[in-house]
Visitor: 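Sharing a structure below in structure tokens format, with a few things to ask.
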2 protein chains.
Amino acid sequence: MRLTTKGRYAVTAMLDLALQEGKRPVTLQDIAVNQEISLSYLEQLFAKLRKAGLVRGTRGPGGGYRLAKKMDSISIAEVISAVDEKADMTRCGGQSDCLDGEKCLTHELWMELSDKIFEFLNGITLGELVRRPEVIAVAERQEAVREGLRSGRLKTVVVEADAVIGTLK
Amino acid sequence: MRLTTKGRYAVTAMLDLALQEGKRPVTLQDIAVNQEISLSYLEQLFAKLRKAGLVRGTRGPGGGYRLAKKMDSISIAEVISAVDEKADMTRCGGQSDCLDGEKCLTHELWMELSDKIFEFLNGITLGELVRRPEVIAVAERQEAVREGLRSGRLKTVVVEADAVIGTLK
DNA sequence: ATAATCCCGACTATTTTACTTGGTTTTCAC
DNA sequence: GTGAAAACCAAGTAAAATAGTCGGGATTAT
């Protein structure tokens, strides 16, 4: 179980999805703006999440992504493994022959720690997170921003600014 | 508390030191051969370990490194922080303003996990590790190899091979 | 038909890790 | 006092991973 910002991006995005469950599907553009992650990078992450059977995408206008399973049966560990692929910590990668076919000195220590991390992340689901007060608080602030973007001119401005930046390159 | 192979190298080397405590100081060359880490890379790691007050080096023939503190009062977390310097996991780095001055959605989750990892690694000392049966077993095998190197011709061969490789470049 | 959206592959930039090179000092042994 | 063994030091390189870009499809609601 490796811990990288990549995995964190994925969990954040999935949590965003979970928070909007029941409403219309969430577009990557929406997540990109709210969580400040590049759209194309999100696309790559979601390709992996889709292959792992964690999300379903629907194309066309009004489309976007939805969770493919109940949020209470998606653990954080699952999300991270989906985008991380090889979870081995290079050398000592699950196999016990990290040093000339022998276990290295600290083999058991890292395995033990890795297990502990997995246990922790596997014991927490998206459903559990969306019910946490801090998450709800942050989500409400973000929802306000989202509303502003939809009803006001902000989104248009962002899109137009993007277009301008595009022409400049 | 970040987890990288760099930290693992450092812990392995420190454990090697702890295992030889009481004998003559351990040379980096010795560690390099036994743990299969490049000598110059070890030098860099030990520069940090020295600055953190975890080891003391003595120069000249017969010199090498020794632990600067009792092995029972050196935790694994200390060793890792010594070589890792910035322990922040980029964004969410301890500070609570990871997203536009606000906490990001998963802020508490990562802080919680980070604490758990630190707790675990801070609760284990080098002294504790050298008393573990698996570590003792691996150490004994490595000690046999070390003996062989000292008394036999193997070390000479390695050094000579290095010299040959040097001339080839 | 058009625009929104997912989908896809290849490419680039940045950062980190791991390692290299080529030294200089210090200190022991002879 | 010379030589060799070691720590010490700074600068560079190589490979990998992360993060992001670009340019296009393919679908589908309106």
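Because the structure is a prediction, the values reported are computed rather than measured. Sequence lines set the chain letters: A, B, ... in the order given, protein chains first and strands last, and positions in each chain run from 1.
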Visitor: Is A:Leu39 touching bases, backbone alone, or none of the nucleic acid, heavy atoms closer than 4.0 Å?
Guide: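 Since no nucleic acid heavy atom lies under 4.0 Å of A:Leu39, the category is nothing.
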Visitor: Whole-Å distance between C:dT16 C1' and B:Leu45 CG?
Guide: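 Rounding to the nearest Å, CG of B:Leu45 and C1' of C:dT16 are 14 Å apart.
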Visitor: Is there a side-chain polar atom (N or O) of B:Tyr9 under 4.0 Å from OP1 or OP2 of C:dC19?
Guide: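 Yes.
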Visitor: Measure the distance from CD on A:Gln29 to P on C:dC6 and round it to the nearest whole Å.
Guide: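 Whole-Å distance recorded here is 9 Å.
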Visitor: For A:Pro61 and for A:Tyr65, locate the closest nucleotide of DNA chain C by heavy-atom distance; then report the residue assigned to the nucleotide nearer the 5' terminus.
Guide: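 Looking at DNA chain C, the more 5' nearest nucleotide goes with A:Pro61.
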Visitor: Counting heavy atoms not belonging to A:Lys69, are there more than 12 under 6.0 Å from its NZ?
Guide: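 Atom NZ in A:Lys69 is packed in, count exceeds 12.
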Visitor: Taking for each residue the nucleotide of DNA chain C bearing the nearest heavy atom, is the 5' side occupied by B:Tyr41 or by A:Thr58?
Guide: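 Residue closer to the 5' terminus by nearest nucleotide: A:Thr58.
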Visitor: At less than 4.0 Å, is any side-chain N or O atom of A:Arg24 found next to OP1 or OP2 of C:dA4? Yes or no.
Guide: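 For C:dA4, neither OP1 nor OP2 has a side-chain N or O of A:Arg24 closer than 4.0 Å.
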Visitor: Is any side-chain nitrogen or oxygen of A:Arg59 closer than 4.0 Å to OP1 or OP2 of C:dA4?
Guide: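 No, A:Arg59 has no side-chain N/O under 4.0 Å of OP1/OP2 on C:dA4.
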Visitor: Evaluate the ring planes of B:Tyr41 and B:Tyr9, with Trp represented by its six-membered ring, and classify them as parallel (under 30°), tilted (30 to 60°) or perpendicular (over 60°).
Guide: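 Geometry flag for B:Tyr9 against B:Tyr41: perpendicular rings.
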Visitor: When the nearest nucleotide of DNA chain D is assigned to B:Val26 and to B:Gln44 on a heavy-atom basis, which residue is associated with the more 5' position?
Guide: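 Per heavy-atom nearest nucleotide, the more 5' residue is B:Val26.
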Visitor: Grab the NZ-C1' distance between A:Lys48 and C:dC6 for me, whole Å please.
Guide: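 In whole Å, C:dC6 C1' and A:Lys48 NZ are 18 Å from each other.
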Visitor: Quick one, A:Ile124 and A:Leu129 - any side-chain contact, counting heavy atoms below 4.5 Å?
Guide: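 Yes. Closest side-chain heavy atoms under 4.5 Å.
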Visitor: Has A:Thr106 got a side-chain atom pairing as donor or acceptor with A:Leu109's backbone, closer than 3.5 angstrom?
Guide: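 No, A:Thr106 side chain to A:Leu109 backbone: no donor-acceptor pair under 3.5 Å.
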